[in-house]
Enquirer: 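One structure, as structure tokens, below. Some questions next.
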Amino acid sequence: MAKVAINLSTGALQQEEVIVGIDLGTTNSLVAYIHPEDKNAIAINDQGRGTIVPSVVHFPKNGEAIVGTDAKEYLITDPANTIYSVKRLLGKSYGDLGEHKDYFGYKIIDDDSEGLVKIRVGDTFYSPIELSAEILKELRERAEHSLKTPVNRAVITVPAYFNDSQRQATRDAGKLAGLEVLRIVNEPTAAALAYGIGIDPTEEKTIAVYDLGGGTFDISILSIHQGIFEVLSTHGNTYLGGDDMDRAIINHWIQENQLLADTVNEDKHLSQELRLKAEEAKKALSSQQVYIGNISDKINCHLERHTFETMIAPIVAQTIESCRQAMTDANLQPEQIDAVIMVGGSTRVPLVYDTVSDFFGKPANNALNPDEVVALGAAIQADILAGNRKDILLLDVTPLTLGIETMGGLMDSIIPRNSKIPTKAGRQYTTSVDGQVNMKISVYQGERDLVKENRKLAEFDLKGIPAMPAGFPKVDVNFILNADGILKVEAVELRSGTRQEVEVKPQYGLTDEQVEQMLMDSITHAREDVSARMVIEARTTAEQLLYQVERFLEKNGEHLTEEEITLTRTNLQNLRDALPTNDKDTILRAVDTLEEQTSPFAERVMQISIKQAMAGKKIE
Ligand code: ADP
Ligand code: MG
């Protein structure tokens, strides 16, 4: 295993380079770096446009995507082509969205599969990874422009509750933006680092990080010892934040003003302005007692802090309830918390600050800018990884990603590169064919999306899986990487207990130069790798849908009209014809058409079955 300092500082190309820290937020994103002379963390403000880049991507009819404040202008006027809150979709399948499907103003594709969501903009399909990559690219460009140097490496933050697939999606987005992601860091950990907590390895602390952003709230309780940050508990609400305060103000003004109430629904520009004014009022009330403004120069609107506080009291109360829950989960009392850190723009609201300080029984830390604190901490983490802080303990890390092959020859990473060792990670898989009794586990190392470009470490068959329909067996694959860098891979079929394992030494026969080369290749080929992955995923989706619809026609054709059957056959054929094009958009358009046309059928058949059941008839 390589030490971080050696591994990351070899290769002339990389020596002088700055490594940036990125806060990829739901509402706003920022990029920060460590100033080479005074060693302070600074959020980058390129061309005086401010440090905050709204996490909004707009696709104009012609031309390149627009990101940030300029894109935000289109949220109301062109919602179908303007994507916000994409972080909520990262690493998610349509099923994961549940009741929140209607929250989004743009088109999210429901392909009914377990696959990840896609967003349709005109005739093109985007994955949340590609959209996040647009935001990261903008941040990277701003950093390069402002620092006048190429930026190829970054540390990116994610919420502490992000799961494996959300973390992997964030890494992939970075890769697609041309960034080598040295580490994914938890947002609360970054916030603590920004306040200097956890930098001294002898320090032992328990802290609470309260993060109230635009549309999300989370509280994390961390324990810090020997420079290691452990998440004791997290709680929160992924649909609660400053936007809810804005909405409360809008409703209040609409109730007060008949003219507003009458016109706001028809007039898009008016409603856009109303939103902006509500946010302006909220921000103003963070530092003054009264706000007086007007909308379109004709409608007066005013608000007093006291009224505002009454309106938002339920929101604040909900966050405190989460804090209480997180403390219970961590088995701690408020007096056991050494420090409380405020993160997120909405913690500027005085009522929020006071209520949180009251709950924990001590003044919360808010000396740093709450918008910037996560990005600043990410920059500090980047600096540590670059080996610029000699006082910091360097832990052993694994230099290349370890994973297994999944459908279509794709690499599914289990232990991402730069993970501290020893470490253990795993994931559950299932069979793809009915009655499958063997499963091939192929272990690979490397950063490329297709296993054929990576290095094969081992392969074995898990035999003796009881014959079951596809999707039923549950196979746990675990990777255990010990402190000496030996990898043990074990696969267990949970229903039968069938087990098989293998041991390998991933670093055996690999020089530092070869490791560097593998990393470089993954950056050079990022774009083509992601496109190849997307084509494979689109094909898999299409093949599953073809199979489902064909079976449906066989079983339930009698409940459809002649026209419906003919149209379904045509759309099935169009989808079959789309497959050989190997163009993901062509394939997904055909999927979308077939899906939209056939989705009402299932409902209808169900109604008929219910009626038959009620009439005492036998159902199949
Ligand atoms: P996220 O982490 O979700 O991307 P941020 O931390 O950037 O979000 O927080 C954005 C929210 O902070 C917005 O709702 C914004 O209106 C709010 N905000 C920013 N400044 C202030 C302020 N001075 N007073 C109150 N709310 C503010
Ligand atoms: Mg945030």
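Whatever order the structure lists ligands and atoms in, that order sets their numbers, starting from 1.
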Enquirer: Using distance alone, decide if ligand 1 has a nitrogen or oxygen within less than 3.5 Å of any nitrogen or oxygen in Val349.
Expert: no
Enquirer: Any side-chain heavy atom of Leu90 within less than 4.5 Å of one from Ile129?
Expert: yes
Enquirer: Just heavy atoms, cut-off under 4.0 Å: does Ser346 contact ligand 1 by side chain, backbone, both, or neither?
Expert: both
Enquirer: Using a 4.0 Å cut-off to any heavy atom of Gly344, which atoms of ligand 1 qualify?
Expert: 6 (O)
Enquirer: Given side chains that start at C-beta, do those of Lys282 and Phe308 come closer than 4.5 Å, heavy atoms only?
Expert: yes
Enquirer: Would you mind reporting whether Ile249 and Met311 have side-chain heavy atoms less than 4.5 Å apart?
Expert: yes
Enquirer: Should the proximity of Glu279 to ligand 1, defined as any heavy atom under 4.0 Å, be assigned to the side chain, the backbone, both, or neither?
Expert: side chain
Enquirer: Would you check the N or O atoms of Ser286, main chain and side chain alike, for any that come under 3.5 Å of an N or O of ligand 1?
Expert: yes
Enquirer: Going by the atom numbers of ligand 1, which of them fall below 4.0 Å from some non-hydrogen atom of Gly242?
Expert: 14 (O)
Enquirer: For ligand 1, is there an N or O atom under 3.5 Å from any N or O atom of Gly345?
Expert: yes
Enquirer: Provide the number and element of each atom of ligand 1 under 4.0 Å from a heavy atom of Thr26.
Expert: 3 (O), 4 (O)
Enquirer: Counting non-hydrogen protein atoms only, what is the nearest one to atom 8 (O) of ligand 1? Give residue, atom name and distance.
Expert: Gly214 N, 3.3 Å
Enquirer: Do Ile224 and Ile197 come close enough that some side-chain heavy atom pair is under 4.5 Å?
Expert: yes
Enquirer: Nearest protein heavy-atom contact for atom 23 (N) of ligand 1: which residue, which atom, what distance?
Expert: Arg348 CD, 3.4 Å
Enquirer: Nearest to atom 2 (O) of ligand 1, what protein heavy atom do you find, and at what distance?
Expert: Gly213 CA, 4.2 Å
Enquirer: Please report which non-hydrogen protein atom sits nearest to atom 19 (C) of ligand 1, along with the residue it belongs to and the distance in Å to one decimal place.
Expert: Lys283 CE, 3.5 Å
Enquirer: What protein heavy atom lies closest to atom 7 (O) of ligand 1? Include the residue and the distance to one decimal.
Expert: Asn28 ND2, 2.8 Å
Enquirer: Test ring pair (Phe, Tyr, Trp, His ring centres under 6.0 Å) on Phe217 and Tyr239; report intermediate values, then the result.
Expert: CA-CA 7 Å; Phe217 165 67; Tyr239 288 86; over 10 Å; no
Enquirer: Less than 3.5 Å between some nitrogen or oxygen of Asp246 and one of ligand 1, yes or no?
Expert: no
Enquirer: Considering the heavy atoms of Thr27, write down every atom of ligand 1 situated less than 4.0 Å from one of them.
Expert: 1 (P), 3 (O), 4 (O), 8 (O)
Enquirer: Can you tell if the side chain of Ile22 reaches within under 4.5 Å of the side chain of Leu30, non-hydrogen atoms only?
Expert: no
Enquirer: Got Glu230 and Leu222 here, is their nearest side-chain heavy-atom distance under 4.5 Å?
Expert: no
Enquirer: Note the single closest protein heavy atom to atom 14 (O) of ligand 1, along with its residue, its atom name and the distance in Å.
Expert: Lys282 NZ, 3.2 Å
Enquirer: Under 3.5 Å between any N/O of Asp211 and any N/O of ligand 1: does that happen in this structure?
Expert: no
Enquirer: Strictly below 4.0 Å, N to O, side chains only: are Glu187 and Lys87 in salt-bridge contact?
Expert: yes
Enquirer: I'd like to know if Lys175 pairs up with Asp449 as an ion pair, taking the criterion as any Lys NZ or Arg NE/NH1/NH2 lying under 4.0 Å from an Asp or Glu carboxylate oxygen.
Expert: yes
Enquirer: Which residue in the set Thr82, Asp78, Ile83, Asn81 passes side-chain contact (heavy atoms from CB on, under 4.5 Å) when paired with Tyr106?
Expert: Ile83
